[in-house]
Amino acid sequence: MSDHEPTRSVVATLLWGVLSAWVPCPKRRTAPWLQRTGAHRSSITEHGSSIQSRLRVNGFTLAELLVSVGVLVVLTLLATQLLNNTATIMTLGHRQMDADSQARELFDRMAIDFAQMIRRSDIDYYLKASTTANDCRLCTRQRGNDQIAFYSTVPGWSAITGGQQGPVSVIGYRINVSGTTLSNRLERLGEALVWNGATSDTRSDGRPASVIFWAPLNPWANLTNNPFDIIGRDVFRFEYYYLLKNGDLSFTPWYATSSVRGLQDVSAIIVDIAVLDPKSRVLLSNSDIAGLAEDLADYSGEAPGGLLAGWRATLDGNTTLPRPALSSVRVYERAFYLSSANL
């Protein structure tokens with residue numbers, strides 16, 4: 001058996017190779033319904049993969065959301081700051097326009113009063129000057145806020161009406177210092193006079209209510225509030241000086257002789273005012289405003305515009321009062337040229 005066993009193994013191997021060559025091996029086939037199910041599963045798998053891929057492409061990452069929120073916050077802050085700055089600029093602009101409007105109205109009123117001033121050498125005046133004169137017996141070097149009064153042909157207030165009232169009024173300007181709510185505001189006096197001999201009535205100071213040019217003009221003595229009007233509710237500083245006909249600027253209304261003589265030596269009266277709007281006034285007391293008016297220097301020979309420049313420097317250098325109030329102060333200057341004197 002040992003001699004024939006290798007021979008049988010070789011023969012068997014050869015027979016199996018011949019049979020394998022002549023007889024085909026059946027292929028493994030899959031049922032049709034299993035093929036369709038597999039294709040459907042493949043389609044579902046591909047569709048799901050497509051949706052997931054699309055979701056991954058259209059979504060935002062956490063970093064992108066943080067950057068977007070940060071940009072939105074920055075834009076919101078910028079818009080808020082822009083609106084606040086715009087509101088501040090508009091408020092300052094409105095205050096500037098209100099101050100300009102008030103100054104313009106005041107100067108227009110002064111222009112009418114100065115244009116109709118009675119300029120005669122035989123009447124008395126109440127003016128700022130270095131000394132008194134025979135026709136300005138109450139003239140003085142005024143400190144702080146100035147005062148001015150003169151006769152004019154503009155209408156004025158009078159308790160006497162009808163034909164007795166004359167064409168002449170006493171016109172004056174000064175800053176109210178009563179300590180009330182009217183304090184530190186520019187007021188205008190407009191008191192109408194009656195014809196000489198028309199009445200025996202007297203003013204509150206005992207003087208006749210008629211036109212008496214040769215009497216010393218003291219318009220502020222014992223007057224009631226009736227002839228007064230607040231003409232500049234926000235004006236707290238009032239200063240004026242003269243442009244003389246020789247070209248000099250002076251706080252005295254003459255240069256030839258020590259006499260007013262109907263302002264013959266004066267070519268123009270130059271008025272400077274300082275205005276503080278109501279919203280800024282509430283930041284200061286009456287004493288603060290009065291002290292600020294005293295800090296603004298009197299005229300002392302500066303060139304045109306020099307007095308206003310000095311006032312602005314004083315306001316900028318003030319460190320005791322609130323800066324918002326000081327920055328709201330507006331200063332103005334205007335020259336009123338006088339007509340020819342009626343000698």
Side-chain angles (χ1 to χ4, degrees), residues 100-129 135-136 138-139 142 145-158 165-176 182 185-194 203 209-213 215-221 223-245 251 253-254 260-275 299 332-343:
D100 292 346
S101 177
Q102 184 171 163
R104 188 180 303 110
E105 293 176 1
L106 171 62
F107 287 154
D108 289 345
R109 179 70 257 180
M110 286 184 171
I112 295 174
D113 293 338
F114 288 140
Q116 301 187 49
M117 179 192 302
I118 299 177
R119 300 180 59 195
R120 289 169 38 175
S121 58
D122 60 342
I123 64 176
D124 200 72
Y125 294 84
Y126 189 94
L127 303 172
K128 177 172 67 175
D135 51 1
C136 192
L138 296 178
C139 284
Q142 301 176 10
N145 281 312
D146 292 341
Q147 300 178 1
I148 185 173
F150 49 88
Y151 294 103
S152 179
T153 56
V154 297
W157 179 90
S158 175
Q165 186 170 342
V168 177
S169 300
V170 177
I171 303 299
Y173 290 92
R174 70 174 181 179
I175 296 293
N176 188 298
L182 302 179
R185 304 177 191 272
L186 184 66
E187 60 184 1
R188 175 183 179 270
L189 167 67
E191 183 185 19
L193 303 177
V194 298
R203 297 171 49 183
S210 57
V211 179
I212 303 180
F213 288 148
L217 179 58
N218 185 13
W220 322 116
L223 281 178
T224 64
N225 291 328
N226 291 331
F228 289 99
D229 293 306
I230 297 298
I231 190 68
R233 67 183 184 280
D234 299 329
V235 178
F236 70 95
R237 183 70 168 93
F238 173 57
E239 183 80 11
Y240 67 93
Y241 56 100
Y242 312 99
L243 171 62
L244 303 180
K245 291 185 177 179
F251 53 81
W254 58 74
V260 178
R261 295 179 299 121
L263 294 174
Q264 294 183 43
D265 294 338
V266 177
S267 178
I269 298 177
I270 302 174
V271 175
D272 294 78
I273 60 173
V275 183
Y299 177 77
Y332 302 89
E333 180 177 88
R334 183 171 175 180
F336 301 92
Y337 287 86
L338 304 180
S339 58
S340 301
N342 299 320
L343 302 178

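Residue numbers run from 1 in the order of the sequence given. Only this structure's heavy atoms are used, side chains among them; waters, hydrogens and symmetry mates stay out.
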Below 4.0 angstrom, N of the basic side chain to O of the carboxylate: do Arg120 and Asp135 qualify?
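Judged by the 4.0 Å cut-off on N to carboxylate O distance, Arg120 and Asp135 do not form a salt bridge.
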
Asp113/Arg109 salt bridge by N-O under 4.0 Å criterion
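Salt bridge: yes.
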
Atom [atom1] in [X], atom [atom2] in [Y]: separation rounded to 0.5 Å?
X: Met110; Y: Arg188; atom1: CE; atom2: CZ; result: 10.0 Å
X: Asn145; Y: Leu186; atom1: CG; atom2: CG; result: 8.5 Å
X: Asp265; Y: Trp254; atom1: CG; atom2: CH2; result: 9.5 Å
X: Gln102; Y: Ile231; atom1: CD; atom2: CD1; result: 9.0 Å
X: Ile273; Y: Tyr332; atom1: CD1; atom2: OH; result: 7.5 Å
X: Ile171; Y: Thr153; atom1: CD1; atom2: OG1; result: 9.0 Å

Between Glu333 and Asp272, is the side chain to side chain contact (heavy atoms under 4.5 Å, CB included) condition met? List the steps.
CA-CA 4 Å; Glu333 180 177 88; Asp272 294 78; 2.6 Å; yes

Nearest heavy-atom pair of [X] and [Y]: which atoms, and what distance?
X: Phe251; Y: Tyr299; result: CD2-O, 4.1 Å
X: Gln147; Y: Gln142; result: N-OE1, 2.5 Å
X: Cys136; Y: Leu127; result: SG-N, 3.8 Å
X: Ile230; Y: Glu187; result: CD1-CB, 3.9 Å
X: Tyr125; Y: Ile118; result: OH-O, 2.9 Å
X: Gly156; Y: Ala192; result: O-CB, 3.3 Å

Is a side-chain donor-acceptor pair under 3.5 Å present for Tyr173 with Asp146?
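Tyr173 and Asp146 do not have a side-chain donor-acceptor pair below 3.5 Å.
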
Is the closest side-chain donor-acceptor distance between Ser152 and Gln116 under 3.5 Å?
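There is no such pair (donor and acceptor under 3.5 Å, judged by atom type) between the side chains of Ser152 and Gln116.
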
Look only at the side chain of [X] and the backbone of [Y], and say whether a donor-acceptor pair between them is shorter than 3.5 Å.
X: Asn176; Y: Arg185; result: no
X: Lys245; Y: Gln264; result: yes
X: Ser169; Y: Val154; result: yes

Would you call the rings of Tyr240 and Tyr242 parallel, tilted or perpendicular, where under 30° means parallel and over 60° means perpendicular?
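Taking Tyr242 first and then Tyr240, their aromatic rings stand perpendicular (interplane angle over 60°).
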
Side chain to side chain contact (heavy atoms under 4.5 Å, CB included) between Met117 and Leu263, worked out
CA-CA 10 Å; Met117 179 192 302; Leu263 294 174; 3.5 Å; yes

Of the options Phe150, Tyr151, Phe107, which is the one that meets Phe114 in a ring pair (Phe, Tyr, Trp, His ring centres under 6.0 Å)?
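Only match with Phe114 under ring pair (Phe, Tyr, Trp, His ring centres under 6.0 Å): Phe150.
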
Tell me, with the steps shown, if Tyr337 and Leu243 meet side chain to side chain contact (heavy atoms under 4.5 Å, CB included).
CA-CA 9 Å; Tyr337 287 86; Leu243 171 62; 3.9 Å; yes

